[in-house]
Amino acid sequence: MQLVVARIGRAHGIKGEVTVEVRTDEPELRLGPGAVLATDPASAGPLTIETGRVHSGRLLLRFAGVHDRTGAEALRNTLLIADVDPDERPEDEDEYYDHQLIDLDVVTADGTEVGRITEISHLPTQDLFVVERPDGSEVYVPFVSEIVTDIDLDEQRAVIDPPPGLIDDRAEIASARDADAEDGAAEDAGDEA
């Protein structure tokens, strides 16, 4: 199975280094010296990582055969793709690869069917499950431990404990303004008595 692990950014300096937008939780495993990566577009690769270092919080890579700014700039926006065994799991037991989560059944803690995960959306603040409901509509479920309480790959299901309004229309609306209005109505009734 192939996973996108990075996207090449702009050239850095004049010796062929490039900035890299990392798209893996395991950059030391996937983007280390000697790693051979497929590319998209395929005509740019495969690329072998010669060196890597962190500079000002960004990963910089140099590839074998690319030793000047022109060559580095030609790789801009190329996706780096690693071959991964489909049965491989991340080192941390609470982490998952996207392909492991796609097509899992989503149920609530009481067993109510919600739908099936069709996509994982990676946002800057958190990841979301895109869940297709039996009626064809979609619901977005934040992939956080407070809501996704269990992932069972053997049973092919994700158990969620959604807050009101996440998967249904029964949202509990509570605001200070509503409470103040109720208190004011109670005081008005007391003044009339």
Side-chain angles (χ1 to χ4, degrees), residues 1-10 18-32 35 37-42 44-45 47 54 57-61 75-173:
M1 166 164 285
Q2 294 190 318
L3 297 177
V4 174
V5 294
R7 183 184 65 80
I8 297 174
R10 60 184 176 78
V18 294
T19 61
V20 176
E21 176 189 313
V22 177
R23 295 188 180 175
T24 176
D25 290 337
E26 303 166 316
E28 63 286 341
L29 177 66
R30 308 280 180 222
L31 300 171
L37 302 167
T39 61
D40 181 9
L47 295 173
V54 176
R58 296 215 48 139
L59 179 61
L60 302 178
L61 296 178
L75 295 173
R76 191 173 195 158
N77 292 322
T78 299
L79 296 177
L80 300 176
I81 302 166
D83 282 319
V84 177
D85 181 343
D87 295 327
E88 181 181 332
R89 294 192 178 183
E91 291 178 12
D92 186 342
E93 65 184 42
D94 292 331
E95 291 182 3
Y96 304 92
Y97 294 125
D98 287 4
H99 71 272
Q100 294 172 309
L101 301 171
I102 300 294
D103 287 333
L104 290 185
D105 293 324
V106 179
V107 298
T108 60
D110 65 6
T112 303
E113 179 186 357
V114 176
R116 178 181 62 83
I117 299 172
T118 58
E119 181 182 341
I120 311 298
S121 181
H122 299 283
L123 303 176
T125 55
Q126 67 190 15
D127 295 334
L128 290 176
F129 290 161
V130 179
V131 179
E132 183 178 313
R133 302 184 79 150
D135 66 6
S137 64
E138 290 182 337
V139 64
Y140 300 98
V141 177
F143 187 20
V144 294
S145 60
E146 294 80 18
I147 297 173
V148 180
T149 59
D150 186 42
I151 299 288
D152 188 336
L153 296 179
D154 295 329
E155 293 293 322
Q156 288 291 292
R157 70 177 184 170
V159 179
I160 64 171
D161 183 14
L166 182 66
I167 61 171
D168 57 30
D169 295 329
R170 297 184 304 266
E172 294 177 13
I173 301 173

D40 side chain to A42 backbone, donor-acceptor under 3.5 Å: no
Point-to-point distance, once rounded to the nearest 0.5 Å, from CZ of R76 to CD1 of I8: 11.5 Å
pair I151-Y96: side-chain heavy atoms closer than 4.5 Å: yes
Nearest atoms (heavy-atom pairs only) where G115 meets P134: CA-CD, 4.3 Å
CG on L79 to CD on E21, rounded to 0.5 Å: 9.0 Å
Nearest-0.5 Å distance that lies between atom CG in L153 and atom CG in L104: 6.0 Å
More than 12 heavy atoms of other groups within 6.0 Å of R10 CZ: no
Side-chain heavy-atom pair I160, V114 within 4.5 angstrom cut-off: yes
Value rounded to 0.5 Å, distance of CD1 in I117 from CD in Q100: 11.5 Å
I81 to Q2 - nearest heavy-atom pair and separation: CG2-CB, 3.4 Å
Derivation of the side chain to side chain contact (heavy atoms under 4.5 Å, CB included) call for F143 and I120: CA-CA 9 Å; F143 187 20; I120 311 298; 5.7 Å; no
E132 CD to E119 CD distance, which is reported to the nearest 0.5 Å: 11.5 Å
Test item: R116 and D103 side chains (from C-beta on) under 4.5 Å apart, heavy atoms: yes
Test item: T149 side-chain N/O and V159 main-chain N/O as donor-acceptor pair under 3.5 Å: yes
Heavy-atom check, side chain of L80 versus side chain of T39, under 4.5 Å: yes
I147 side chain near P163 side chain, heavy-atom distance below 4.5 Å: yes
Contact summary for L128 and P142, nearest pair of heavy atoms: CD2-CA, 3.4 Å
Smallest separation among heavy atoms of L47 and A44, with atom names: CD2-O, 3.4 Å
Separation of L37 CG from L31 CG (nearest 0.5 Å): 6.5 Å
Exam field: side chain E155 to backbone D152, donor-acceptor pair closer than 3.5 Å: no
Closest contact, heavy atoms only, V107 versus R157: CG2-CD, 4.4 Å
Note, V106 side chain near I167 side chain (heavy atom, < 4.5 Å): no
Sub-4.5 Å side-chain heavy-atom contact between P162 and T108: yes
R7 and N77: CA distance, side-chain angles, deciding distance, side chain to side chain contact (heavy atoms under 4.5 Å, CB included) verdict: CA-CA 6 Å; R7 183 184 65 80; N77 292 322; 2.5 Å; yes
Close side-chain approach of L60 to V20, heavy-atom, < 4.5 Å: no
Non-neighbouring partners of E138 that pass side chain to side chain contact (heavy atoms under 4.5 Å, CB included), sequence neighbours left out: T118, V130, Y140
